[in-house]
Amino acid sequence: MSKHPVVQWIDRRFPFTAFFKHELTEYKVPRNLSYWWNFGFLAGFVLVLQVVSGVFLAMHYKPDAQLAFASIEHIMRDVNYGWLLRYMHSTGASAFFVVIYIHMARTLYYGSFRAPRELMWWSGQVLLLTLMATAFMGYLLPWGQMSYWGAQVITNLFRATPFIGDQVVVWLRGDFVVGDATLNRFFVLHFFFPFLIFGIVGLHLVALHFVRSSNPSGINLKDEDNISLHPYFTFKDLFGLGIFLLIFCGFVFFYPDFFIEPDNNIPADPLKTPPHITPEWYFLPFYAILRAIPDMLGGVVAMTLSILVFAAMPYLDRSQIPGGSRYRPFYRAMFWAFVVDLSVLTYVGAQPATDEMALVGRIATIIYFSLFMVLPIISKREEAWLFVRGLPQEVMAMIAGEKESDRRKRSMDRRKTERRQGEE
Amino acid sequence: MSDDDKVQDPQRRDFLGKATAVVGGAGVAASCWPLISSMNPATDVLSKATTEVSLGAIAQGDAKTVSWQGKPVFIVHRTESQIRSMNNSPGGKDPQPDGERVLRPEWLVIVGVCTHLGCVPNRTAEGWTCPCHGSQYDLSGRILKGPAPRNLELPPYQFIADDKIIIGKA
Ligand code: HEM
Ligand code: FES
């Protein structure tokens, strides 16, 4: 196949064709990847969608406490297709979290956070935190009642900082309450953070192409069982995208208000809190944990830990058996218990603060943390039990093989060092 | 050529390397300060004036919310029986006599910002309840129940006439 002269010209100066070859047409992927492996691509797609719709919204939006609310109405009523931009962006924020949470659940279910993919897991965790910050700051921009009081409550969480808590809150807001200064800086940071996210996604992908995809069996496949990313998985990704867009457009065009709190159509009033404030659905489980602890500092610490504890997963799961839940009944049961517990917390987070709800929230919070705490013991015991009970041949072979190749590598390293020392 | 003119002086080179790193690091840290400081309230925000409120229109048993430095301030014209019951109660987890929380017992002036996470509590017959996480305050603004750690704050204020106060100036 002869290349276009322009491509030839570029290739002599920049590794253009080589890059696509290396990362797409000759990048090998296990052939048994299921649709659960589509969600990383979908997250990337939604990121682009948010940046594009956001940039166009920003051409009409005014980050000023006096003008912000009216500028959103202006976008909705007067700007050509302004309603479409806004509904794509507000629905896109929820879609982003749906996709990311499924992406994380896949990783937990199949145990892909374990060696050698710890850096993928941690860079993903940083992405989640940055995404949460971006969404939180974006939510202030329409300057409705929910926007305002959400920002007021969340910035107040920083009062829990030891010694300088009050100063930190005022510093974050640039005012004694959430005000014009806060809105202006949140707009700038809401604009800026997605570009940080792009950078971190880059690191995430470099790490991915270095350690390569895991797969539902957890077993490293033979060479002939790996196929190239393009065209095989690019097309699988595109098919998944079609399904995603059907659902996404269903919300954008038929239920655009589904993800917008009615109270947010009331302009922000710094003197009156709405009778029942709730955060966006994607923050509800963490909000429920915050409310479950009667003590303010304790609540903030528990909420922070409930997100950061994921980072410990590569150490908490001590089993060497590949494939995550695939061969591990106890781990699988814990995974589903976690999913149920999260759903309960989501429900509790959305309810008004009554005594019964606080009790349910407290129990669900204890279960949340207990699952992480008992994992090291259960995973070790389960491993021993599974060895006795017997595992599929390929799995045993892989565990043995890894030990074998580890040993070989170590002795090779040793020989190398000895040689080097000999030369000196 | 004297001895200390040697080109090869690893110790000296290490020292210079470390000193450069320290000075450079300090420089970077110092140049961050203007950026951090710029995020604090600007002088016009800091100088937000005091608020004057005339109390004449507030009947006994009624309350009014005014804005002071952007924060809501609750002003309650308390009745005799309310004052009495507040005097008889020590408060909740942050006990404080009612007498220390007022200049004149019939006028309660408090910052209407929940000491938990900053929502504005709603008025009830017994005092206030916060809509966010259910903290309850009595008619002296003292925390009775819920996650809020402290009593509602008292703003600095003084009476400039019998029926007029100025908030923000003690
Ligand atoms: C990481 C991706 C992003 C997420 C998760 C996100 C999320 C959000 C959310 C939740 C809102 C409030 C929606 C509403 O209630 O209507 C919002 C509003 C807004 N965002 Fe974003 N956003 C992202 C990227 C961007 C980018 C890149 C820009 C522009 C450069 C942008 C500009 C805006 C503007 C102008 C608004 C106010 C208009 C409105 O409320 O509809 N966003 N964003
Ligand atoms: S903000 Fe008032 S109880 Fe949490």
Side-chain angles (χ1 to χ4, degrees), chain A residues 65 145 148-160 165-182 184-185 188-189 269-279 287-288 290-300 349 351-355 357-358 361, chain B residues 32-49 51 63-75 92-94 111-124 128-136 143-150 153 155 167-168:
Chain A
Q145 274 287 67
Y148 186 88
W149 290 102
Q152 188 88 339
V153 167
I154 303 292
T155 47
N156 239 320
L157 292 178
F158 289 87
R159 275 233 330 265
D166 287 335
Q167 285 91 316
V168 169
V169 174
V170 171
W171 176 75
L172 283 173
R173 293 176 179 160
D175 199 337
F176 302 103
V177 289
V178 171
D180 193 57
T182 324
N184 213 144
R185 68 184 53 179
V188 172
L189 294 177
D269 179 355
L271 299 187
K272 176 128 192 50
T273 309
H276 175 210
I277 70 162
T278 45
Y287 188 64
L290 169 75
R291 292 200 303 190
I293 316 284
D295 171 66
M296 152 132 179
L297 181 62
V300 174
Q351 301 306 308
T354 59
D355 286 346
M357 274 303 144
Chain B
C32 285
W33 176 247
L35 304 180
I36 295 169
S37 177
S38 76
M39 284 176 70
N40 267 318
T43 44
D44 61 335
V45 172
L46 284 175
S47 70
K48 252 187 235 166
T51 304
K64 183 176 175 173
T65 304
V66 298
S67 169
W68 167 66
Q69 293 189 341
K71 295 181 224 174
V73 170
F74 299 151
I75 302 172
K93 65 175 131 179
D94 183 12
V111 177
V113 174
C114 181
T115 56
H116 181 223
L117 295 176
C119 292
V120 180
N122 291 322
R123 206 158 127 70
T124 60
W128 290 270
T129 300
C130 183
C132 292
H133 319 97
S135 289
Q136 287 172 19
I143 176 69
L144 294 180
K145 197 165 164 256
R150 282 178 282 120
E153 271 174 42
I167 308 174

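Quick note on labels: first sequence line is chain A, next is B, and so on, each numbered from 1. It should be emphasised that the depicted structure is a prediction, and the values quoted were computed from it without experimental measurement.
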Notebook entry, point to check: In terms of heavy-atom pairs under 4.5 Å with chain A, which of B/C132, B/C114, B/A148 leads?
Noted result: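 Maximum pair count with chain A is reached by B/C132.
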Checklist line | Residue selection (most heavy-atom pairs with chain A, distance under 4.5 Å) from B/G70, B/A42, B/P121, B/G134 | finding: B/G70
Calculate, to the nearest 0.5 Å, the distance between atoms [atom1] and [atom2] belonging to [X] and [Y] respectively.
{"X": "B/H133", "Y": "A/I293", "atom1": "NE2", "atom2": "CD1", "answer": "13.0 Å"}
{"X": "A/L271", "Y": "B/W68", "atom1": "CG", "atom2": "CH2", "answer": "13.5 Å"}
{"X": "B/C130", "Y": "A/I277", "atom1": "SG", "atom2": "CD1", "answer": "8.0 Å"}
{"X": "A/L172", "Y": "B/N40", "atom1": "CG", "atom2": "CG", "answer": "9.5 Å"}

Closest heavy-atom pair and its distance - [X], [Y]:
{"X": "A/V170", "Y": "B/P41", "value": "CG1-CG, 3.2 Å"}
{"X": "B/H116", "Y": "A/M296", "value": "O-SD, 3.3 Å"}
{"X": "A/T273", "Y": "B/V120", "value": "OG1-N, 2.6 Å"}
{"X": "A/R159", "Y": "B/P149", "value": "NH2-CG, 4.3 Å"}
{"X": "B/P72", "Y": "A/P270", "value": "CD-O, 3.9 Å"}
{"X": "B/G118", "Y": "A/Q152", "value": "O-CG, 3.6 Å"}

Notebook entry, point to check: Do you know which of A/R185, A/H276, A/R173, A/R291 has the most heavy-atom pairs under 4.5 Å to chain B?
Noted result: A/R185
Margin query: Is it the case that over 12 heavy atoms from other parts of the model lie below 6.0 angstrom from the NZ atom of B/K145?
Written below: no
Margin query: Please check if the number of heavy atoms outside A/F158 that lie under 6.0 Å from its CZ is greater than 12.
Written below: no
Next item on the list: Could you tell me which portion of B/N122 (side chain, backbone, both or neither) has an atom closer than 4.5 angstrom to a non-hydrogen atom of chain A?
Entry: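 Side chain only.
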Next item on the list: Using non-hydrogen atoms and a 4.5 Å limit, figure out which bit of A/P274 sits close to chain B: side chain, backbone, both or neither.
Entry: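 For A/P274, the contact with chain B is made by the backbone alone.
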Note to self: Which atoms of A/D180 are under 4.5 Å from chain B, going by heavy atoms: the side chain, the backbone, both sets, or neither?
What the structure shows: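 Interface part for A/D180: neither.
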Check: Do A/W171 side-chain atoms and B/I36 backbone N/O form a donor-acceptor pair below 3.5 Å?
Finding: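 Looks like yes, one N/O pair under 3.5 Å.
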Notebook entry, point to check: Are B/L117 and A/L290 close enough that some pair of their side-chain heavy atoms sits under 4.5 Å apart?
Noted result: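 Yes. Closest side-chain heavy atoms under 4.5 Å.
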